[in-house]
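We use all heavy atoms of the structure for the numbers below, so side chains are in, but hydrogens, waters and symmetry mates are not. Given the structure is predicted, the values throughout are model-derived calculations rather than measurements.
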Amino acid sequence: MGTHSHHHDYNFSEQYKFAGTAKVLSLVAIVVGIVAVALGLLSSDHIMVERTYANLLLMGYYFTCVCAAGAFFVALQLVTQSGWSAGLIRIPQAMASILPIASIILFIIVALGLSTHNLYHHWHADGLIDPNSPNYDALIAEKASYLNMPWFLGRQIIFMGLYSVFAVILAKLSYNEDLVGGLNSYRQSFKLSAIFLVIFGFTTPIWSFDTIMSLEAHWFSTMFGWYNFAAMWVSGLCVITLILIFLKKAGYMSWVNENHLHDLGKLIFGFSIFWTYVWFAQFMLIWYANIPEETVYFYKRFEPEYKPWFWINIIINFVAPLLLLVDRDAKRRLNMMAFVCILLLLGHWLDYYIMVMPGTVETHRGFGFIEVGTAIGFMGIFIFLVMNKLSRHPLAAKNHPLLDESLHHQI
């Protein structure tokens, strides 16, 4: 069967129609989220307000990370000149395109949290850096040249702004390639991706130090950046896979088959193990060295209200994908992959929960309408924006120079 007959079987200009149940559900989810956040923020109980902010930070960060992982995926495929992914590249491109919106939401949450003293109060409270104040904290005072509100928010703008600019340009170049053809878009994308990956690689650890690690500003771990990157990358891969499975079940993207799914499965399997490696390295070294200023982080997470979740985190994010995806056939089945991806996305929510909560609400942790509602709300925003973006362009990058390789991909 020649290449040409292959091409006639597929309708590369098909577009996803975002309507009906999917659209209604995403809008309902957004309303649920708004109600949950409003109830929390308008509560007269200060702990409830703080808990709502902690949940907003968790989901705002998760949302931004997943979109950033989409941009990272696109850039990585370009730089490595990968052919297998050419047929499904529109999915991570749609995720990358909404990175600016995710970034703005996260920035607002961080800025409001700082100005109301509901987030980052460990380094942003009155009198911490004033030697004459009873609240004086020598460690925080030493870090004040780095951890201060203007420079902190400035870094957020620089990092998320850079990621967003690259993400949007890379997506635009690909949509442009559909119209113009030729190799110009691809060559430009290649150069931009190489620059983006260097910037992204060096700045994401600092971004996660700021956004998450500074919640407990006495403690630091040099591995925290890679730990967050691994979580972001696994979550992003799971979302790409879930959207692909959803589209395939709805009858779209017939040119993507179990071989492509298998590749995504291998990436999820491999990087779940990488996440565990970084998690374990960070934990084991601190546990073994037993230095008080380091163990304080895990000490909080060994309090009775967190300890069971601390271990469940490892079971969901490591043991489950290890056992469920080790088999070749499992990675080639739509339902199995969908199950593992949903499980891992819940698992990484829990992972972020354990990163955020002990440094914000501490022992007053809760799990109820605020947690569930905020998560559902952000899920609604994500689905609405990404699916809306997907529906605006053809689902295949028909002039992608390596599309043919993707069609014949077999493993």
Side-chain angles (χ1 to χ4, degrees), residues 28-65 101-129 133-135 137 140 147-150 152-153 155-157 160 207-219 296-297 300-301 303-306 309 346 348-382:
V28 169
I30 293 171
V31 174
V32 170
I34 292 169
V35 170
V37 170
L39 282 175
L41 291 182
L42 300 173
S43 164
S44 52
D45 180 2
H46 174 65
I47 291 167
M48 285 295 271
V49 177
E50 202 179 13
R51 188 174 137 193
T52 311
Y53 266 103
N55 275 293
L56 281 169
L57 178 68
L58 190 168
M59 283 311 296
Y61 182 63
Y62 201 167
F63 176 27
T64 313
C65 280
I101 302 173
S103 301
I104 290 165
I105 293 174
L106 179 58
F107 182 78
I108 292 168
I109 293 166
V110 168
L112 279 176
L114 269 170
S115 54
T116 59
H117 292 293
N118 279 306
L119 290 173
Y120 307 110
H121 40 65
H122 199 184
W123 57 266
H124 183 66
D126 300 326
L128 285 176
I129 54 176
S133 159
N135 288 343
D137 186 321
I140 300 294
L147 286 179
N148 58 72
M149 192 162 165
F152 182 87
L153 292 176
R155 283 194 303 274
Q156 292 283 352
I157 292 171
M160 294 198 288
W207 180 53
S208 68
F209 289 164
D210 281 355
T211 317
I212 303 294
M213 197 168 82
S214 79
L215 289 168
E216 296 165 70
H218 280 175
W219 180 82
V296 56
Y297 183 81
K300 277 186 183 174
R301 284 152 182 81
E303 293 289 339
E305 57 271 13
Y306 292 108
W309 297 107
L346 293 172
H348 281 290
W349 179 87
L350 178 62
D351 187 32
Y352 287 134
Y353 182 84
I354 294 167
M355 281 186 226
V356 170
M357 294 301 166
T360 48
V361 293
E362 298 187 357
T363 50
H364 306 293
R365 83 163 189 91
F367 184 77
F369 183 59
I370 293 184
E371 280 70 22
V372 177
T374 313
I376 288 173
F378 273 92
M379 219 167 77
I381 299 172
F382 180 83

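- Of all heavy-atom pairs between Ala217 and Ile140, the closest is CB-CD1, 3.6 Å.
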Could you walk me through whether Thr360 and Arg51 pass the side chain to side chain contact (heavy atoms under 4.5 Å, CB included) check? CA-CA 8 Å; Thr360 48; Arg51 188 174 137 193; over 6 Å; no

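- Trp207 places a side-chain heavy atom less than 4.5 Å from the side chain of Gln156.
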Below 3.5 Å, can you tabulate the donor-acceptor pairs from side chains in residues 104-112 to any protein atom, sequence neighbours excluded?
none

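- Within the 4.5 Å cutoff, the side chain of Phe382 has no heavy atoms near those of the Met379 side chain.
- In this structure, the side chains of Val37 and Leu56 come closer than 4.5 Å at one or more pairs of heavy atoms.
- Side-chain contact between Met149 and Ser115 is present, with heavy atoms from C-beta onward closer than 4.5 Å.
- Side chains of Glu305 and Thr363: a donor-acceptor N/O pair is absent below 3.5 angstrom, by distance only.
- Closest approach of Pro358 to Tyr353, counting heavy atoms only: CD-O, 3.9 Å.
- Shown here for Ala29 and Gly380, the closest heavy-atom pair between the two residues is CB-CA, 3.7 Å.
- Among all heavy-atom pairs drawn from Asn135 and Leu128, the shortest one is O-CD2, 3.4 Å.
- Nearest heavy atom pair, residue Glu371 against residue Phe367, reads OE1-CA, 3.6 Å.
- Residues meeting the salt bridge (charged side-chain N to carboxylate O under 4.0 Å, His left out) test with Glu216, sequence neighbours left out: Lys300, Arg301.
- Looking at Ile129 and Trp123, their side chains never come closer than 4.5 Å, going by heavy atoms from C-beta outward.
- Rounding to the nearest 0.5 Å places CG of Leu114 at 10.0 Å from OH of Tyr53.
- Looking at His117, its side chain does come within 3.5 Å of a backbone N or O of His124 through a donor-acceptor pair.
- The six-membered or imidazole ring of Tyr62 lies away from that of Phe378, with a centre-to-centre distance of 6.0 Å or more.
- Between the side chains of Glu50 and His121, at least one donor-acceptor pair of N or O atoms lies under 3.5 Å.
- In this structure, Thr374 OG1 and Met59 CE are separated by 8.0 Å, a value rounded to the nearest 0.5 Å.
- Atoms CH2 and CG, on Trp349 and Asn55 in that order, are 6.5 Å from each other to the nearest 0.5 Å.
- Within the 4.5 Å cutoff, the side chain of Tyr61 has no heavy atoms near those of the Val356 side chain.
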Which is it for Leu58 and Met357 under the side chain to side chain contact (heavy atoms under 4.5 Å, CB included) test, yes or no, and what are the steps along the way? CA-CA 9 Å; Leu58 190 168; Met357 294 301 166; 4.2 Å; yes

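- With Asn118 contributing its side chain and Val49 its backbone, the two residues share no donor-acceptor pair below 3.5 Å.
- Side-chain atoms of Thr211 do not come within 3.5 Å of backbone N or O of Ser208 as any donor-acceptor pair.
- Taking the side chain as every heavy atom from C-beta outward, Glu362 and Tyr306 never approach each other to under 4.5 Å.
- The OG1 atom of Thr52 sits 12.5 Å away from atom CG of Leu57, with the distance rounded to the nearest 0.5 Å.
- Within the 4.5 Å cutoff, the side chain of Ile101 has no heavy atoms near those of the Ile381 side chain.
- Between Ala36 and Gly373, the closest heavy-atom pair is CB-CA, 3.6 Å.
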Evaluation steps, side chain to side chain contact (heavy atoms under 4.5 Å, CB included), between Tyr352 and Ile212: CA-CA 9 Å; Tyr352 287 134; Ile212 303 294; 5.7 Å; no

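- Heavy-atom neighbours of Ile370 CD1 from other residues, nucleotides or ligands within 6.0 Å: above the threshold of 12.
- Put simply, the side chain of Ser43 never gets that close to the backbone of Leu39: no donor and acceptor are under 3.5 Å apart.
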Side chain to side chain contact (heavy atoms under 4.5 Å, CB included) for Leu350 and Trp309? Distances and angles first, verdict last. CA-CA 8 Å; Leu350 178 62; Trp309 297 107; 3.8 Å; yes

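- Between the side chains of Asp137 and His122, not a single donor N or O lies within less than 3.5 Å of an accepting N or O.
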